[in-house]
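Below is one structure, written out as structure tokens; comments come after it.
Every chain is numbered from 1, with letters handed out A, B, ... down the list of sequences.
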Amino acid sequence: MTLTVAAIIFIALAFDFFNGFHDAANSIATVVSTRVLSPQQAVVWAAFFNFAAFLVFGTEVAATIANDVVDPAVFNNAVIFAGLIGAIAWDIVTWWLGLPTSSSHALVGAMAGAAVAEAGWASLIASGFQKIAVFIVLSPVVGLLLGFTFMVAIYWLFHRSRRMERLNRGFRIGQLFSAASFSLAHGANDAQKTMGIILALLIANGVLPTDAEVPLWVVLSAHTAIALGTLFGGWRIVHTMGSKITKLQPAQGMAAETAAAVTIMANTVAGIPVSTTQTITGAIVGVGSTQRLSAVRWGVAGQVVWAWVLTIPGAFVISYVAYLPFKAVA
Amino acid sequence: MNLGRRSAFFGGLAIVCLLLWEPTPPEYRWVNLFAAALALVWAGAAALEDRSLGRWRPSRRRSTSAGGPSGPVKRA
């Protein structure tokens with residue numbers, strides 16, 4: 001392994017760290033906004049389960065990122081480097097603006113931008129992009145519907161209970177588990193995207209054969225990076241997710257996190273890279289809609305949607321431009 | 001029929017899921033079906049709820065004008 005490859009792996013892990021910094025805050029937003037855990041406790045809780053995810057899930061999403069988005073033959077050090085720069089730059093800009101955009105889609109858009117700059121539009125794999133594009137919409141919709149369904153089920157099951165204090169205590173404990181499940185799902189889906197990039201890099205440099213599985217050291221380092229990113233978390237986004245979209249009670253937080261966790265876990269098993277941000281936002285909107293539609297602050301939700309729409313093109317343009325100097329030198 | 005906001009919202013979600021049927025890879029199309037069916041169930045439930053609330057409100061107004069749900073107020 002050359003020094004260049006090692007440096008790009010370091011940058012990929014830095015992206016994973018920023019992913020944790022930027023996205024993983026979603027794991028703790030509801031548990032903090034319902035005051036089940038303090039922000040510090042929640043961050044440690046989420047980081048632990050981000051890391052532990054490697055024990056539960058495979059590497060299907062990593063394989064999708066490495067093989068199904070961009071023609072693997074196009075990957076070289078410069079393309080991967082420019083792609084990572086584009087994704088990190090987009091993440092930093094949107095973090096600075098306090099917008100909960102998707103690091104996953106930033107990575108997909110950025111890799112596509114660098115690949116198109118290198119080898120034209122034919123370097124993109126249409127079927128892989130189609131799958132990701134469809135689930136950009138479907139995963140938050142499914143999260144919303146499941147969030148609504150779980151919340152209605154909770155109302156049906158407990159509406160006769162008069163011991164509200166005891167019931168709330170039960171939901172607060174339940175929210176610890178739902179937050180853990182969501183962090184597990186988040187760690188699994190998001191860390192695998194970085195694994196996919198590192199796998200593509202190692203294959204492109206001949207360190208691994210083309211049909212190689214993700215090595216264990218890559219799995220462990222990706223999960224460590226995302227867990228550390230969560231530990232250093234982005235509180236601006238916690239604030240947006242936890243209190244601006246809709247106000248949450250412990251039962252609502254539990255329903256939203258469970259709905260999002262189920263949706264992301266199903267996508268992870270199917271090998272589909274989805275946005276944890278989009279999915280938890282959809283679930284929070286679904287839970288908020290059980291009160292009444294006006295309980296959801298649609299202005300903030302709309303702002304989030306615009307950030308989603310702009311993410312892939314925005315990251316695409318940044319990485320395309322970042323790749324141009326390499327092309328000029330070549 | 002006066003469609004409530006919530007039933008229209010869920011109906012719209014069902015339409016979105018069905019519109020995505022064609023671009024969705026065949027092995028994942030069950031997700032579209034599942035989501036559309038769930039959205040339609042909630043659209044129907046919301047419509048029923050709106051209808052039942054619509055029936056309930058006028059009778060409450062009548063009973064209020066007659067002195068509240070427990071019947072006419074007795075005058076001293």
Show the numbers, then the answer: is there a side chain to side chain contact (heavy atoms under 4.5 Å, CB included) between Phe9(B) and Leu144(A)? CA-CA 12 Å; Phe9(B) 175 66; Leu144(A) 186 154; 3.9 Å; yes

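With rounding to the nearest 0.5 angstrom, the OG1 atom of Thr24(B) is 12.0 Å from the NZ atom of Lys131(A). Distance check, rounded to the nearest 0.5 Å: CG of Leu38(B) to OG1 of Thr149(A) gives 4.0 Å. Separation of atoms OH (Tyr28(B)) and CZ (Phe135(A)) is listed at 7.0 Å; rounding is to 0.5 Å.
Nearest heavy atom pair, residue Ser289(A) against residue Arg6(B), reads O-NH1, 2.5 Å. In terms of heavy-atom proximity, Leu145(A) sits nearest to Ala35(B) at CD1-O, 3.2 Å. In terms of heavy atoms, Glu22(B) sits closest to Gln130(A) at O-NE2, 4.4 Å. Residues Cys17(B) and Leu138(A) share a closest heavy-atom pair of SG-CD2, 4.2 Å. Nearest heavy-atom pair across Val134(A) and Leu20(B) is O-CD1, 4.2 Å.
Proximity to chain B (any heavy atom under 4.5 Å) is shown, for Ser127(A), by neither the backbone nor the side chain. At a 4.5 Å heavy-atom cutoff, the contact between Ala270(A) and chain B is made by backbone and side-chain atoms alike. With a threshold of 4.5 angstrom between heavy atoms, Val16(B) approaches chain A through side-chain atoms but not through N, CA, C or O.
Around atom CD of Glu213(A), no more than 12 heavy atoms belonging to other residues, nucleotides or ligands sit under 6.0 Å away. Residue-environment remark: CZ (Phe177(A)) stays at or below the threshold of 12 foreign heavy atoms within 6.0 Å.
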